[in-house]
Amino acid sequence: MIVLYLNFVEQVTSVMSDTIRSAGFEVDDLGLEPSQHADLACRVAFKLASVAKKSPKDIAEQIASAVVLPDDSLIESIQAQGPYLNIKANRKYLDGTVATIRQKKEAFGGDFCEGTIVLEHTSANPNGPLHVGHIRNSILGDTLGRVLKRVGYDVDTQYYVNDMGRQIAIVSWAMKNFDFDSEKKGDHAIAGIYIKANAWLEEEPDRVAEIDRLMQLVESGDEETIQRFDEVVGIAVDGIRNTLLRMNVIHDDFVNESGFIRSGAVSRIVDEIKATGRTEMDDGALVVDLSDHGFEKTLVIQRSDGTSLYTTRDLAYHEWKAEQGERVIDVLGADHKLISGQLKATLRSIGKQEPEIVIFEFVSLPEGSMSTRRGKFITADELLEQVESQALVEVENRRPDMPDEFKEQVARMVGIGAVRYDIIKVSPEKSTVFDWKEALDFEKQGGPFIQYSHARACSILRKAEEEGLWDPKREIDPSVLLEDGEMVLIRKMALFDHVLERSASELKPHMLATYARELADAFNQFYRFSPVISAEEATVRNARLGLVDCARIVLANVLETLGIEAPESM
RNA sequence: GGGCCCGUGGCUUAGCCAGGAUAUAGCACCGGGCUUCUAACCCGGGGGUCGUGGGUUCAACUCCCACCGGGUCCGCCA
């Protein structure tokens, strides 16, 4: 028997709809949501008030008194409190939640959607290492991917590699003209020559023609130039991928832009756009008129020398992505807002599927915006190093007797957890300013707090097992869990599906961060007030151990969805 | 100049799109708690004209308009 929050909502919806109809009202939206006053609160009386010409309070009371609960219900009561209808879940719901978590374990939470999604995120230019702005994209994208996978979608995450744009031409050119520091990590060394090249090109603008020439050669398929581009791109992407994996950010595919030139997809799609009659020549460049889609300015899709632009290749890429999945989602920085709108409009105009776009605002430095070209950025690698070494100090303080290997491993997990949590907890439309002091200050109730809660749960279970008091396979009787802290924790765990559902449907993974904190909070309060191993009655101790096991499972599942490792000890 | 985003206690932040019950949490501040399952913890307290001014509504942090402040974008970069 699967008894969960979503079933509860279904039952409430059904009972409430029936009751309201039998009371002679009609309504489509019940306005149900979790509330601090009940498991679900219903605001429907407000909506009915104006139609029924009665006070919301009277309507709520009328509805409440007409409720007939089915025999096999998960609903304890539906009571009017002023204009609100407060719906409480019953014991069966609580006990069922505990049983379900113990039965489903790491599969608890999600698995109620189906379909395929292509999710593109990060896609930073391979002209240097990822910086602290890029990783907002990576962490947002990776967490979103994890959320979508958990709710049941088949997700393919992709990094779109710009392997033939102007920046790469500059890097390739720089490789010949400047010293490449092979001592450094590849992506950092690439940035080194890229920055120098840009500075030089600014002083000697005549040399820009050499860059243009390289782009023409690569677009026309010149083998030697392509090889030189591939070489620098490979070096940079290796470094970037290394950083991503270090942060637990996993891409299923790295897709090269150049592939769409070579396959002919780009020229094919340009022809398709031309065929709509909305293109024109402007100063030798081919532009698309999107005024009927609300864009005043035209969109350039071909340079006057005939080469393609990022946008052009992106059109072909999106056409291809739409063939790979039913939904296409892109995570992009706010600077792409206009261009992504134009991209969507162009795809629409040729009858292609448009992507769903998740936009995040910028991360800047106290002295201004970041720029790879000007060398003004803090790299993700540097951030991770600093955070991990700070985390090591914290572990040393707390667990001085543990072996170095343990300390380092915990520092790594905690450092990454702190970074990922700090970034994902803020809603993406907020622009932020990077601050070293804040980044290295392990905020209370951040990633490490949640990881700590998980470690505590593990350590309680470990100790109980050592003392022969616990076996993970043991049957428990959850109905003896009657303390406030116990029931609050169970209710919070039951909401995991609700949070996943909203997070996935709104493409807002930051909601999961709030939930993770609340869950850890509920667990901490429970074990602070309810002794587990030293509980007097065996049945209570047993049930509490089962509850700790549940908390351990749900915390681990939430952390996994956030891309944060769950240490068993820290 | 135009478009878009943001503006919530000293600082960071949830809630806003789908308006309703005392506005969420953390940091900092004040007070309390380790002979008891790891104190990266827990309990209590002070602190808010939800940028400003209008409007819609029985009800506005939430919707609409104007303004102020910050960010960002505005064709041959990505």
Side-chain angles (χ1 to χ4, degrees), chain A residues 29 31 33 35-37 41 43 45-47 49-50 55-56 81-84 86 123-125 127 162 165-168 170 282-288 294-305 307-312 314 333-339 341-342 359-362 364 369 373 391 394-395 397-399 414 418 422 425-433 435 438 441-453 455-457 459-464 467 506 510-511 513-514 517-518 520-521 524-525 527-535 544-545 548 569-570:
Chain A
D29 179 20
E33 62 177 30
S35 148
Q36 52 186 323
H37 307 279
R43 297 191 307 259
F46 285 110
K47 315 226 178 278
S50 55
S55 77
Q81 190 160 341
Y84 301 92
N86 286 336
S123 301
N125 275 333
N127 56 359
N162 169 8
R166 176 168 292 273
Q167 281 82 351
I168 304 314
I170 293 172
D282 184 351
D283 261 346
L286 184 68
V287 301
V288 189
F295 295 96
E296 280 181 41
K297 307 255 179 158
T298 56
L299 175 70
V300 180
I301 55 170
Q302 212 167 60
R303 293 191 185 91
S304 40
D305 67 1
T307 55
S308 64
L309 290 96
Y310 158 83
T311 319
T312 330
D314 212 19
D335 54 337
H336 282 66
K337 209 160 193 177
L338 176 63
I339 192 75
Q342 291 173 318
I359 293 286
F360 67 94
E361 290 289 330
F362 264 50
S364 56
S369 55
R373 186 170 51 81
E394 308 273 346
V395 185
N397 285 339
R398 292 165 170 62
R399 308 296 295 273
V414 164
D422 263 349
K425 73 173 181 187
V426 180
S427 50
E429 64 270 15
K430 229 97 160 182
S431 53
T432 61
V433 177
D435 178 60
E438 262 174 52
D441 176 25
F442 287 7
E443 207 180 330
K444 305 285 183 188
Q445 304 215 341
F449 168 77
I450 301 152
Q451 292 173 307
Y452 180 68
S453 304
R456 288 298 301 268
S459 113
I460 292 170
L461 295 169
R462 194 165 45 235
K463 184 162 182 187
E467 295 181 12
E506 297 178 31
H510 81 275
M511 295 193 301
T514 307
R517 192 212 356 107
E518 289 171 354
D521 214 14
N524 280 325
Q525 283 178 42
Y527 81 62
R528 170 68 183 76
F529 291 106
S530 305
V532 178
I533 292 174
S534 54
R544 284 185 183 159
L545 281 162
V548 172
S569 174
M570 66 183 265

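Order of the sequence lines fixes the chain letters, A, B, ..., with proteins taken first and strands second; residue numbering starts at 1 for each chain.
- Judged purely by atom type and a 3.5 angstrom limit, S431(A) has no side-chain atom pairing as donor or acceptor with the backbone of E361(A).
- Residues I533(A) and I460(A) share a closest heavy-atom pair of CD1-O, 3.6 Å.
- You'll find that the side chain of F46(A) is closest to G20(B), out of C6(B), G20(B), U38(B).
- Residue-to-nucleotide contacts include a donor-acceptor pair under 3.5 Å from the side chain of R398(A) to the base of A40(B).
- Between I359(A) atom CD1 and E429(A) atom CD the span is 11.5 Å, to the nearest 0.5 Å.
- The residue P83(A) sits apart from the nucleic acid: no heavy atom pair falls under 4.0 Å.
- What separates CD of Q525(A) from C1' of C41(B) is a distance of 11 Å, to the nearest Å.
- Atoms NZ (K425(A)) and C1' (A14(B)) sit 11 Å apart, rounded to a whole Å.
- Rounded to whole Å, the distance from CG on D335(A) to P on A78(B) is 13 Å.
- The nearest heavy atom of RNA chain B to R399(A) and to T514(A) marks one nucleotide each, and the one closer to the 5' end goes with T514(A).
- When rounded to the nearest whole Å, the span between CG of D435(A) and P of U13(B) equals 12 Å.
- Computed from coordinates, the F360(A) CZ to G71(B) P distance equals 18 Å when rounded to whole Å.
- The glycosidic torsion of G75(B) lies within 90° of 0, placing the base in the syn range.
- One can find a donor-acceptor pair under 3.5 Å joining the base of C17(B) and the side-chain atoms of E506(A).
- Taking atom CG on L299(A) and atom C1' on C73(B), their separation rounds to 14 Å, with Å as the unit.
- The aromatic ring of Y84(A) sits over the base of A21(B), with ring centres less than 5.5 Å apart and planes tilted by under 30°.
- In this structure, H510(A) and S530(A) both approach RNA chain B, and ranking their closest nucleotides by distance from the 5' end singles out H510(A).
- Per the geometry, CZ belonging to R303(A) stands 15 Å off P belonging to G75(B), to the nearest Å.
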